[in-house]
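For the single chain, residues carry numbers from 1 onward in sequence order. All ligand and atom numbering here is 1-based and tracks the order in the structure.
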Amino acid sequence: MNVPLLDLRAQYQSIKPAIDEAMLKVAESQMLILGEEVAQLEKNLAKYCDAEYAVAVSSGTDALLMALMALDLKPYDEVIVPTYSFFATAGVVARLQAVPVFVDSDPVSFNLDPEIVRAKINAKTKAIIPVHLYGQAAPMKEIMEISEEFNIPVIEDGAQAIGTQYADGRHVGSIGTMGCFSFYPTKNLGAFGEGGLVTTNDESLYIKLKQMRNHGMEPKYYHSFIGGNFRLDAIQAAVLNVKFPHLEDWHQARRNNADLYTKLFIESGLAEPKNNSDLNEKNAVIYPKAIWKNHVHPNYHIYNQYVIRVNNRDAMRQFLSDNKIGTEVYYPVPFHRQSCFKYLNPRDEDFPIANMLSEQVLALPIYPELQPDQIEFVVAKIKEFVQK
Ligand SMILES: *Cc1c(COP(=O)(O)O)cnc(C)c1O
């Protein structure tokens with residue numbers, strides 16, 4: 001049996017006629033950038049995310065960059081980010097000559113720890129970027145309390161979490177000052193190339209973001225501030241508009257796959273249902289738990305990734321690869337250990353959880369079209385490795 005980490009062709013095959021028709025329509029119109037398809041996408045996704053406004057852009061990275069630019073981030077301003085995320089979360093801060101301030105993670109949710117966020121606030125702090133890692137909401141209640149207390153804007157990095165609902169039912173991207181999303185093909189809502197989105201409930205930010213997407217130009221050839229080319233192609237929006245009505249079903253298929261993995265890990269004796277938070281004789285696998293403290297919500301996780309923690313991770317990964325099972329490590333190097341951030345002099349001992357995660361995490365195949373027998377095969381092979 002072959003179990004790839006992701007099978008984008010399976011999804012394309014399931015909706016091919018509608019996708020092909022939508023792309024041809026764009027080709028025939030030759031309206032290639034922004035336009036009606038993009039406006040429709042923005043309308044669909046603003047509503048879906050419970051946000052007043054949405055601005056579609058060229059990538060998730062550009063969404064984050066624009067959000068920071070819209071806050072008029074200046075050199076030496078500080079922005080609090082988790083040390084454990086995809087590079088873009090911190091890269092955009094440094095690109096604006098501002099200072100990314102790293103915080104350690106929570107070992108259960110893998111999201112940033114709000115107690116540490118609070119400890120890092122000072123007069124230079126200009127934004128907080130919580131990441132809804134792997135598709136699970138960050139602790140937004142605690143983050144928004146800090147935001148309100150110190151009057152600091154929050155940019156939600158929802159690149160992996162479009163459609164995730166927080167414990168109070170609100171969709172991520174509508175809770176902070178702005179929300180940023182990615183349509184990179186591996187995300188739950190993936191384009192046929194690059195794309196991203198910024199959401200906000202603030203009308204003046206919305207107007208600024210729209211202008212910023214097109215070099216800050218308004219009216220034509222007049223620039224009151226400096227933006228960039230952050231525009232989305234019509235063909236990407238057309239593909240996304242076809243995929244959008246299927247998104248909830250795909251999330252649910254991922255959740256069902258996650259539930260089956262977790263059930264099989266418990267049944268096969270690889271994990272204890274209770275107290276499954278430390279790796280020991282009884283827990284060879286720490287499975288993901290879609291909870292934060294007492295908050296539980298059925299849609300709290302969209303499982304962009306299903307990430308387990310194991311010992312001997314690299315050897316297990318090799319063993320699974322030898323058995324034609326695709327896995328990935330998100331992420332092997334936290335920001336505080338990246339050579340490009342050495343100039344910030346981070347102290348390695350300040351990040352014990354992220355360091356541990358970087359050695360233990362393993363993302364298993366979770367895509368919607370994955371079949372139960374494939375999941376059974378993955379769990380059986382993990383058991384075989386553990387018992388070797
Ligand atoms: C994918 C991702 C991004 C960047 O999105 P791109 O569209 O690839 O630029 C940012 N943050 C996180 C957490 C991501 O997973």
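Against a heavy-atom cut-off of under 4.0 Å, Q160 is close to the following atoms of ligand 1: 13 (C), 14 (C), 15 (O). Of all atoms in ligand 1, numbered sequentially from 1 with element shown, those under 4.0 Å from a heavy atom of A159 are 2 (C), 3 (C), 10 (C), 11 (N), 12 (C), 14 (C), 15 (O). Within ligand 1, counting atoms from 1 as listed, the ones closer than 4.0 Å to a heavy atom of V131 are 13 (C).
At least one heavy atom of S85 lies less than 4.0 angstrom from ligand 1. Note on ligand 1: K187 sits in its first shell, one or more heavy atoms being nearer than 4.0 Å.
Here the rule is side-chain contact (heavy atoms from CB on, under 4.5 Å) with S268, and of V379, V386, I382 only V379 fits it.
Counting only non-hydrogen atoms, the option in F87, Y184, F183 that gets closest to atom 8 (O) of ligand 1 is Y184. Residue T61 holds the heavy atom nearest to atom 9 (O) of ligand 1 of all those in I129, V57, L133, T61. Relative to atom 13 (C) of ligand 1, the option among V92, D157, N304, L197 with the closest non-hydrogen atom is D157.
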(request) Would you sort out whether H171 and Y48 count as a ring pair (Phe, Tyr, Trp, His ring centres under 6.0 Å), showing the intermediate values? (result) CA-CA 8 Å; H171 281 85; Y48 180 63; 5.3 Å; yes
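The side-chain tip of K383 does not point at the ring of F385 from less than 6.0 angstrom away and within 45° of straight on.
Note: H246 and W250 have parallel aromatic rings, judged against thresholds of 30 and 60 degrees for the angle between ring planes. Note on ring orientation: taking the six-membered ring where Trp is involved, the planes of Y331 and Y84 are perpendicular (angle over 60°, cut-offs 30° and 60°). Aromatic ring orientation, Y306 versus Y261: parallel (interplanar angle below 30°, classes split at 30° and 60°).
Remark: the backbone N or O of P75 is not paired with any side-chain donor or acceptor of Q97 at under 3.5 angstrom.
Polar contact check, E194 against ligand 1: no nitrogen or oxygen pair lies under 3.5 Å apart. Polar contact check, D62 against ligand 1: no nitrogen or oxygen pair lies under 3.5 Å apart.
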